[in-house]
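Only one structure is covered here, and it is reproduced in the block below.
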Amino acid sequence: MVRYNTPALAFLLGSAARLEAFQSVVRSTFRQISTVSSSSLPAVSKKDSYVVTLLPGDGIGPEITAATKVVLEALCEKCGFTLELREALIGGAAIDAANDPFPQESLDQCLNSDSVLLACIGGYKWDNNPRELRPESGLLKMRKEMGLFANLRPAKVLPQLLDASTLKREVVEGVDVMVVRELTGDVYFGTPKGIDIIDGQRVGYNNMIYSESEIDRIARVAGDVASKRGSKLCSVDKANVLDVSQLWRDVVTDVINKDFPSVELSHMYVDNAAMQLIRWPKQFDTIVCGNIFGDILSDEASMLVGSLGMLPSASIGESGPGVFEPCHGSAPDIAGQDKANPLAMILSAAMMLQYDLDRAEEAKMLEDAVEAVLDQKLRTPDIKQDNDGCKLVGCREMGEAVASVIMAMEEIKV
């Protein structure tokens, strides 16, 4: 049963009429939530040619996109298939060109593609815009309109970069964590929200809300992912103080215990999880959490590796194309200087090949090529350490190095 703190909501919303409107919105939201998904991840059938939408975005986005295109062109040439790469606008670039952070034309192109590869969005230039004209609003719109409810963020420490982490070697060596984040609910999408004048002062409010079916479908994705990894799943919430987290814990427990009996389920409060990720990250295999907790914890987990520039992510829905993107931001302070690390976007392309395009062998080639250039001691500035004996390279050269490794690999036997 859903319970509301009615007197508090009445104060927050300003009147009984607005409270009734709020409850109407909640009922409407629950009716519109899609049916529970299956635990399988979407992918098109393997074929000779694919259409992929590229969203270069802002800041260093165009640079890492260009480097990734060079790598994908080499992969296609080596493996005998075609990627038709079509660019579209999102973020600040879209605001400047079309006064919309995610124009309808871009949405239509994404929906009609086999997959979507996004670089990054945002920058100081648009920070003071009205909220609807900020780059981040375009990202939220894309997730909602494309039904991308599950975000997968791996944080795997590579042996070549052990010393790039700010944590001790014995803490991070062997870390391999997957964060499964719910992406289209929670406080980022809950209504009502806004800033109003109440009793003569400004009051800002957002609504942290989840339905049972929203939790059910992300729990199934997490259970599926965990069952294919170490069969350990930690669900993160704040059930000791939040009713919505208590529902989260109840539903996750029911789904995993009933449908994923081989998965060992544990629960952890979000504040403890944030501490444990730094204290002893190797205790985690797969983590599942809501939107806002996942936003924070996945960034924290990514820094175990030493740089956000190394980590890919995948956002998927129940059907249609997924969106694959690096975990890092647009880094406007180094944009245009050839200092960006393209490896996270290249690894995001590997996830795209595996999850959306049914090209697992080619995905492995990309991953192996990235490790090979690190073995060659090539480093962009974000992962270069003093006196490490490695060569400092720029974004363009790093992309070319990965492409060269791919061309030197043995061809995949069909």
Side-chain angles (χ1 to χ4, degrees), residues 26 28-44 53 55 90 102 107 110-111 113-118 136-154 178-191 193 206-228 233 235-237 244-245 247-252 254-256 259-260 286-299 312-325 327 348 351-352 354-356:
V26 171
S28 175
T29 299
F30 285 176
R31 285 195 298 269
Q32 292 171 19
I33 290 169
S34 59
T35 57
V36 174
S37 71
S38 67
S39 60
S40 60
L41 299 176
V44 299
T53 293
L55 300 171
I90 192 173
F102 191 52
L107 173 60
C110 289
L111 291 173
S113 299
D114 292 310
S115 193
V116 178
L117 193 56
L118 166 65
E136 296 77 12
S137 295
L139 193 61
L140 294 178
K141 179 182 176 182
M142 179 183 69
R143 292 170 180 170
K144 181 179 180 181
E145 295 296 329
M146 295 183 66
L148 306 171
F149 72 89
N151 179 246
L152 309 182
R153 276 195 177 190
M178 176 71 80
V179 179
V180 180
R181 169 189 171 192
E182 201 287 325
L183 209 55
T184 56
D186 208 340
V187 72
Y188 292 167
F189 288 90
T191 55
K193 59 183 178 179
N206 291 84
N207 184 28
M208 180 179 271
I209 185 169
Y210 269 118
S211 73
E212 185 174 1
S213 56
E214 285 178 303
I215 302 167
D216 187 295
R217 66 182 183 178
I218 194 67
R220 292 181 184 282
V221 172
D224 184 63
V225 170
S227 68
K228 295 173 181 175
L233 177 64
S235 176
V236 174
D237 57 45
V244 65
S245 275
L247 177 64
W248 176 280
R249 179 172 292 209
D250 293 345
V251 175
V252 170
D254 289 346
V255 169
I256 301 303
D259 296 328
F260 299 91
T286 304
I287 297 172
V288 62
C289 40
N291 206 343
I292 190 168
F293 296 159
D295 191 3
I296 297 165
L297 292 181
S298 58
D299 273 5
S313 75
S315 299
I316 59 174
E318 293 178 286
S319 62
V323 174
F324 300 82
E325 61 181 302
C327 293
S348 296
M351 291 188 78
M352 174 187 73
Q354 179 176 355
Y355 288 115
D356 253 10

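Computed from a prediction, not measured in an experiment: that's the story for all the values here. When a residue number appears, it is its place in the shown sequence, counting from 1. Every heavy atom of this structure was used, including side-chain atoms; hydrogens, water molecules and symmetry mates were not.
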Problem set entry | Electrostatic pair K228-D224, nearest N-O below 4.0 angstrom |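 So K228 pairs with D224 through a salt bridge.
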
Using side-chain heavy atoms (C-beta onward) and a distance below 4.5 Å, is [X] in contact with [Y]?
X    : Y    : value
I215 : E182 : no
R181 : S313 : no
D237 : V252 : no
M146 : P321 : yes

Using atom types as modelled and distance alone, determine if a side-chain donor or acceptor of [X] lies under 3.5 Å from a backbone N or O of [Y].
X    : Y    : answer
E325 : C327 : no
N291 : G185 : yes
D356 : G322 : yes

Exercise. Cut-off 3.5 Å, side chains only: do N207 and T191 have a donor facing an acceptor?
Worked result: no

For this session: Report the C-alpha separation of L55 and C110 in whole Å, then their side-chain angles, then the decisive distance to 0.1 Å, and conclude whether the side chain to side chain contact (heavy atoms under 4.5 Å, CB included) test is met.
Result: CA-CA 9 Å; L55 300 171; C110 289; 4.2 Å; yes

Problem set entry | Whether Y210 and W248 hold their rings parallel, tilted or perpendicular, with breakpoints at 30° and 60° |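 Tilted, since the angle between the ring planes falls between 30° and 60°.
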
For this session: Heavy atoms only: give me the nearest L183-F189 pair and the separation to one decimal.
Result: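 Closest pair (atom of L183, atom of F189, distance): O-CE1, 3.3 Å.
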
Exercise. Which heavy atom of A226 sits nearest a heavy atom of L233, and at what distance?
Worked result: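 Shortest heavy-atom separation between A226 and L233 comes out as CB-CB, 4.1 Å.
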
